[in-house]
Amino acid sequence: MLIQEIIRRKRDGQTLDRRMLDLVMRGIADGTIGDAQIGAFAMAVYLNGMREAETTALTEAVRDSGQVLRWDDLDLAGPVLDKHSTGRRRPRVAGAGPLDRRLRRPCADDLRARPGPYRRHPGQAGVDPGYDVSPSEATFRTWYRMSASHHRPDPCARPADKRLYGVRDVTATVESLPLIVASILGKKLACGLGSLVMDVKVGSGAFMPTPEAARALAEAIVATGCAAGTPTSVLLTDMNQPLARCAGNALEVAAALEVLRGEDRHSRLYRVTQALASEMLIQSGLARDAQDAERRLAQTLDNGAALERFGRMVHGLGGPADFTQRAMHYLPTAPVVHEVAAPCDGVVHAIDTRALGLAVVELGGGRRNAGDAIDPRVGLSHIAELGQTLSAGEPLLRVHAADREAAEALSARLSDAFHLQAGAAEIPPLVHATLRQEDLP
Ligand code: URA
């Protein structure tokens, strides 16, 4: 079948079947389909949408467009679990107390989403621990054999998804629910998972701008993941303020270490991590209920298993063996720390979380273009929280920057990201909802 016939069908509002979608995804992966056709396909899907079964077929086609990993040769004693989120990642579940030998918690996010501990930034003193944030499957398997923890290599459906996403980006077709679901889930399901927990963010820093859109994405992910044969649940979690009180690479690793050391058991970061990990244990049948899951997870902090597992993960991927013991030695710090003061008295009623994220990118902590280097030293810390009462002149946050000009250039914009007024603020719940297959409409 000609690719233009498939595009024509979708353009005219008809449904595509698995065979057609396989042709499209394979053609995208092997380069036989051109960018113009990819753009036309994406626009046809954007304008006409997809039925539930069609979205599942598209997701399976993305999943199968590259290598789908299998782990049966590793003689696993427990299920292969994963979670995916735009938020923080940590190896809590892999060391879940008595489950340690049974539960396998692979997590590509842990390995790739952050530059990790750390490549040296030009001009910065310190050590380059050589941590590999994007290990090959071979590296991963070697490491697996040395370690009781199982982590995923790069998802294998990336060639098709990467190209499709690149074209969507420049053809105004990113905001299509079936394309988003197939993109996110196709990559995840190519990792050969037994089950998956997704963290879908809601609020001013979230990918989906409204609660309704976030809920629709969550429902589509649960329905599609389950229909594609991987039990999938979603936690809708709040992003109306940063999850941690800091943002930036080294700063966030330091915050994550506080949780892993058991020093932080109250923050939003801790509570979301706990909720996601708990859902993973319940969903896979490794914990009876929330209370059982929480008890096991608390044990991983009390007995040091979570921290020890993270240390092994870092070392296994090329980082220093003593990273968790000497993190402050390895984590780079910015030369300039600049305080942004509250312009008036008031209670923090709203935070433009996206603006804070963009500020980190501007400081050099994120990429504007694919090839940009990341400066792990920079970011924001001591970020005021929703509901916090401030007097004029008290700090809203601290900016960690490469130089004073960079910090001062952002001050006014960062101050504008906080809305202060009198009276009590409404604080949204941290976990808006948990969606499982049985909750679907
Ligand atoms: N993240 C992805 O990986 N794909 C999308 O389409 C949107 C968000």
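Below, each value reflects all heavy atoms present in this structure, side chains not excepted, and no hydrogens, waters or symmetry copies.
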Does any part of the side chain of Pro211, heavy atoms only, come nearer than 4.5 Å to the side chain of Arg215, both counted from C-beta? no

Regarding Thr230 and Thr232, is there a side-chain donor-to-acceptor distance under 3.5 Å anywhere? no

Is it true that Arg295 and Asp292 make a salt bridge, defined as a side-chain N closer than 4.0 Å to a carboxylate O? yes

What is the distance from atom NZ of Lys10 to atom CG of Asn48, rounded to the nearest 0.5 Å? 6.0 Å

Is there side-chain contact between Asp375 and Pro332, with heavy atoms separated by less than 4.5 Å? no

If I compare all heavy atoms of Glu394 with all of Leu390, which pair ends up nearest, and what's the gap? OE1-CA, 3.4 Å

Stepwise side-chain contact (heavy atoms from CB on, under 4.5 Å) test for Leu235 and Leu276: CA-CA 7 Å; Leu235 267 63; Leu276 290 165; 3.9 Å; yes

Is any side-chain heavy atom of Ile6 closer than 4.5 Å to one of Arg9? no

So, Arg268 side chain and Pro242 main chain: donor-acceptor pair closer than 3.5 Å or not? yes

Shortest non-hydrogen contact from Arg168 to Ala42? CG-CB, 4.1 Å

Heavy-atom check, side chain of Glu219 versus side chain of Leu440, under 4.5 Å: yes

Could you pull out the closest heavy-atom pair between Ala422 and His349, with the gap in Å? O-NE2, 3.5 Å

Arg377 side chain to Ala334 backbone, donor-acceptor under 3.5 Å: no

With a 4.0 Å cut-off, would you call Arg354 and Asp352 a salt bridge? no

Answer whether the closest heavy-atom distance between the side chains of Arg309 and Leu260 falls below 4.5 Å. no

Determine whether a donor-acceptor pair (N or O, by modelled atom type, separation under 3.5 Å) exists between the side chain of Glu54 and the backbone of Leu16. yes

Under the side-chain contact (heavy atoms from CB on, under 4.5 Å) criterion, do Ile28 and Val167 qualify, and how do the steps go? CA-CA 11 Å; Ile28 294 175; Val167 173; over 6 Å; no

Looking at Ser204, is its backbone amide N or carbonyl O close enough to the side chain of Asn240 to form a donor-acceptor pair, meaning the two atoms are under 3.5 Å apart? yes

Contact between Leu177 and Met208 at the side-chain level, heavy atoms closer than 4.5 Å - yes or no? yes

In terms of heavy-atom contacts, Leu81 and Ser195 come closest through CD2-OG, 3.1 Å

Counting neighbours of CD on Glu426 that are heavy atoms of other residues, nucleotides or ligands and sit closer than 6.0 Å, is the number greater than 12? no

Is any side-chain heavy atom of Thr237 less than 4.5 Å from a side-chain heavy atom of Arg271? no

Check: Ala213 main-chain N/O paired with Thr210 side-chain donor or acceptor under 3.5 Å: yes

As an exercise, state the distance from CG of Leu164 to CG of Leu179, rounded to the nearest 0.5 Å. 6.0 Å

Do you know the tightest heavy-atom contact between Ser176 and Val45? OG-CG1, 4.0 Å

Would Phe323 and Val253 satisfy side-chain contact (heavy atoms from CB on, under 4.5 Å), going step by step from the backbone distance to the final call? CA-CA 11 Å; Phe323 179 74; Val253 171; 4.0 Å; yes

Side-chain contact, heavy-atom cut-off 4.5 Å: Val197 with Val234? no

Can we say Arg368 and Asp372 salt-bridge, meaning some charged N sits less than 4.0 Å from an Asp/Glu carboxylate O? no

In this structure, NE2 of His382 is separated from CZ of Arg245 (nearest 0.5 Å) by 8.0 Å

Would the distance check show the side chain of Ser284 and the main-chain N or O of Leu281 forming a donor-acceptor pair, the cut-off being under 3.5 Å? yes

Gap separating the CG atom of Leu397 from the CD1 atom of Ile351, nearest 0.5 angstrom: 9.0 Å

Glu263, CD: over 12 other non-hydrogen atoms inside 6.0 angstrom: yes

Gap between atom CZ of Arg163 and atom CD1 of Ile33 - 0.5 Å precision: 8.0 Å

Using residues 55-62 as the side-chain source, report each donor-acceptor pair under 3.5 Å to any protein atom, sequence neighbours left out, with the distance given to one decimal.
{"residue": "Thr55", "atom": "OG1", "partner": "Arg51", "partner atom": "O", "Å": "3.0"}
{"residue": "Thr56", "atom": "OG1", "partner": "Glu52", "partner atom": "O", "Å": "3.1"}
{"residue": "Thr59", "atom": "OG1", "partner": "Thr55", "partner atom": "O", "Å": "2.8"}
{"residue": "Glu60", "atom": "OE1", "partner": "Arg18", "partner atom": "NH1", "Å": "3.3"}

Counting only N and O atoms by type, is there a donor-acceptor contact under 3.5 Å from the side chain of Asp238 to the main-chain atoms of Gly203? no

What pairs with Arg26 under side chain to side chain donor-acceptor pair (under 3.5 Å), at least two apart in sequence or on another chain? none

side-chain contact (heavy atoms from CB on, under 4.5 Å) between Leu420 and Asp345, worked out: CA-CA 7 Å; Leu420 272 65; Asp345 296 350; over 6 Å; no

Rounding to 0.5 Å, atoms CG (Leu307) and CD (Glu258) come to a distance of 12.0 Å

Should the heavy atoms of other residues, nucleotides or ligands under 6.0 Å from CD of Gln437 be counted, would the total exceed 12? no

Electrostatic pair Arg265:Asp302 at N-O distance under 4.0 angstrom: yes

Quick check: closest heavy atoms across Asp264 and His266, and the distance to 0.1 Å? OD1-N, 3.2 Å

Are the charged groups of Glu279 and Lys83 less than 4.0 angstrom apart, N to O? no

